[in-house]
Amino acid sequence: MELKFDKWKDVLWIMDGNTPIAYCPNHKHRLEIFNKYSKTLSQDTSVGDHVSLLCPVDNTYFKLDGDSFWTMQRRYVAMLESEQLKNVTYRDLDNVYTPVLRVIPKPKDSRYSVQVEIDDTPTGKKLVIYAMDRQDLSQKTQIFVDPQIDKISFDSNDLHPNMIFSKIEAYFKEGKKSTLEQK
């Protein structure tokens with residue numbers, strides 16, 4: 001069985017069941033908790049600055065930077081959880097727009113960047129198209145396609161979509177069509 005260590009705060013960490021264990025980065029031995037005032041190995045993991053981790057092989061100390069060992073363990077677990085959850089999709093139960101699909105197509109023209117999302121809104125799903133000029137990031141537009149009302153709209157605080165696209169068409173149910181086109 002191959003073990004995988006994570007390096008954090010100059011120490012190697014690994015999960016033993018639900019408990020994070022600290023190891024020496026040089027010798028791969030489990031580090032011991034050492035109280036430098038009493039010069040003893042300690043079971044008290046909460047005594048702050050005067051506790052360090054000690055390598056039993058060469059007596060190298062690893063400082064805890066004022067945190068208790070328990071706090072260090074808790075923060076390590078939180079970082080692992082954060083890493084595991086970073087790509088998780090979610091639904092917003094407060095009815096705020098939530099992306100349920102995000103697509104970034106490969107550009108044919110490297111000057112422009114386009115991203116497409118389907119958002120879950122209180123009135124249903126909407127398509128959002130973000131487009132921008134890579135050479136001038138202030139040159140951007142947001143286009144909203146709303147199938148509930150068969151309409152294309154855009155964010156008036158950004159560029160008009162016709163400044164980037166020559167024509168945008170959306171086809172809706174029952175043969176309805178909406179167009180934004182440069183004249």
Side-chain angles (χ1 to χ4, degrees), residues 1-23 25 65 67 70-183:
M1 175 176 84
E2 181 180 335
L3 297 177
K4 182 181 173 211
F5 287 104
D6 295 303
K7 187 168 185 182
W8 179 61
K9 299 263 186 183
D10 297 324
V11 172
L12 297 179
W13 294 85
I14 196 164
M15 292 298 289
D16 182 11
N18 291 328
T19 306
I21 306 295
Y23 285 83
D65 295 331
D67 291 329
W70 181 82
T71 299
M72 296 280 288
Q73 287 180 312
R74 194 171 38 84
R75 288 182 180 162
Y76 170 68
V77 169
M79 286 191 314
L80 285 181
E81 289 171 349
S82 175
E83 184 67 25
Q84 291 169 349
L85 297 175
K86 74 179 179 185
N87 293 322
V88 171
T89 58
Y90 60 90
R91 288 189 61 113
D92 189 340
L93 300 179
D94 295 327
N95 287 328
V96 177
Y97 300 144
T98 304
V100 292
L101 173 69
R102 180 172 287 139
V103 177
I104 304 173
K106 301 259 188 240
K108 292 180 184 174
D109 177 358
S110 62
R111 179 174 174 188
Y112 294 101
S113 169
V114 177
Q115 180 175 326
V116 179
E117 288 183 0
I118 297 176
D119 289 347
D120 221 351
T121 71
T123 60
K125 292 187 180 358
K126 289 185 182 157
L127 179 73
V128 183
I129 303 166
Y130 302 96
M132 70 180 70
D133 187 332
R134 291 178 197 246
Q135 297 168 0
D136 182 1
L137 297 180
S138 67
Q139 302 293 307
K140 63 183 173 73
T141 188
Q142 294 181 64
I143 304 158
F144 308 102
V145 180
D146 189 339
Q148 278 71 32
I149 57 174
D150 301 337
K151 180 179 172 187
I152 297 177
S153 59
F154 58 91
D155 188 338
S156 60
N157 294 324
D158 294 327
L159 285 178
H160 190 285
N162 290 343
M163 299 297 290
I164 294 180
F165 297 104
S166 58
K167 184 177 186 179
I168 299 168
E169 288 183 336
Y171 294 89
F172 301 100
K173 289 181 183 178
E174 301 172 17
K176 293 182 182 176
K177 176 175 119 176
S178 185
T179 305
L180 285 175
E181 185 174 10
Q182 272 186 357
K183 300 289 182 190

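Note that the numbering runs from 1 along the sequence shown for the chain.
- Across Gln135 and Asp133, no two heavy atoms sit closer than the pair N-OD1, 2.9 Å.
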Practice problem: Evaluate the side-chain contact (heavy atoms from CB on, under 4.5 Å) criterion for residues Phe154 and His160: first the C-alpha distance (whole Å), next the side-chain angles of each, then the deciding distance (0.1 Å), finally the verdict. | Solution: CA-CA 7 Å; Phe154 58 91; His160 190 285; 3.3 Å; yes
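- No donor-acceptor pair under 3.5 Å is formed between the side chain of Asp119 and the backbone N or O of Thr121.
- Minimum interatomic distance between Lys126 and Pro147 (heavy atoms only, all atoms of both residues): CA-CD, 4.5 Å.
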Give every donor-acceptor pair under 3.5 Å between a side-chain atom in residues 14-22 and any protein atom, sequence neighbours left out.
none

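- Two residues are said to be in side-chain contact when any heavy atoms from C-beta on lie closer than 4.5 Å; Lys9 and Tyr76 fail this criterion.
- A salt bridge links Lys140 with Asp158: at least one charged nitrogen is closer than 4.0 Å to a carboxylate oxygen.
- When all heavy atoms of Ile152 and Ser178 are compared, the closest pair comes out as CD1-O, 3.3 Å.
- Of all the heavy atoms in Phe172 and Asp146, the pair that sits closest is CE2-O, 3.8 Å.
- Met163 CE: 12 or fewer foreign heavy atoms inside a 6.0 Å radius.
- Looking at residues two or more places apart in sequence or on another chain, you find no ring-ring contact (aromatic ring centres under 6.0 Å, His included) involving Phe165.
- Taking all atoms of both residues into account, the shortest heavy-atom contact from Ile164 to Gln139 is CD1-O, 3.8 Å.
- Other residues, nucleotides and ligands place no more than 12 heavy atoms under 6.0 Å from the CG atom of Asp10.
- Distance alone, capped at 3.5 Å, is enough to place a donor-acceptor pair between the Thr141 side chain and the Leu159 backbone.
- Every residue was checked against the ring-ring contact (aromatic ring centres under 6.0 Å, His included) condition with Phe144, not counting sequence neighbours, and none meets it.
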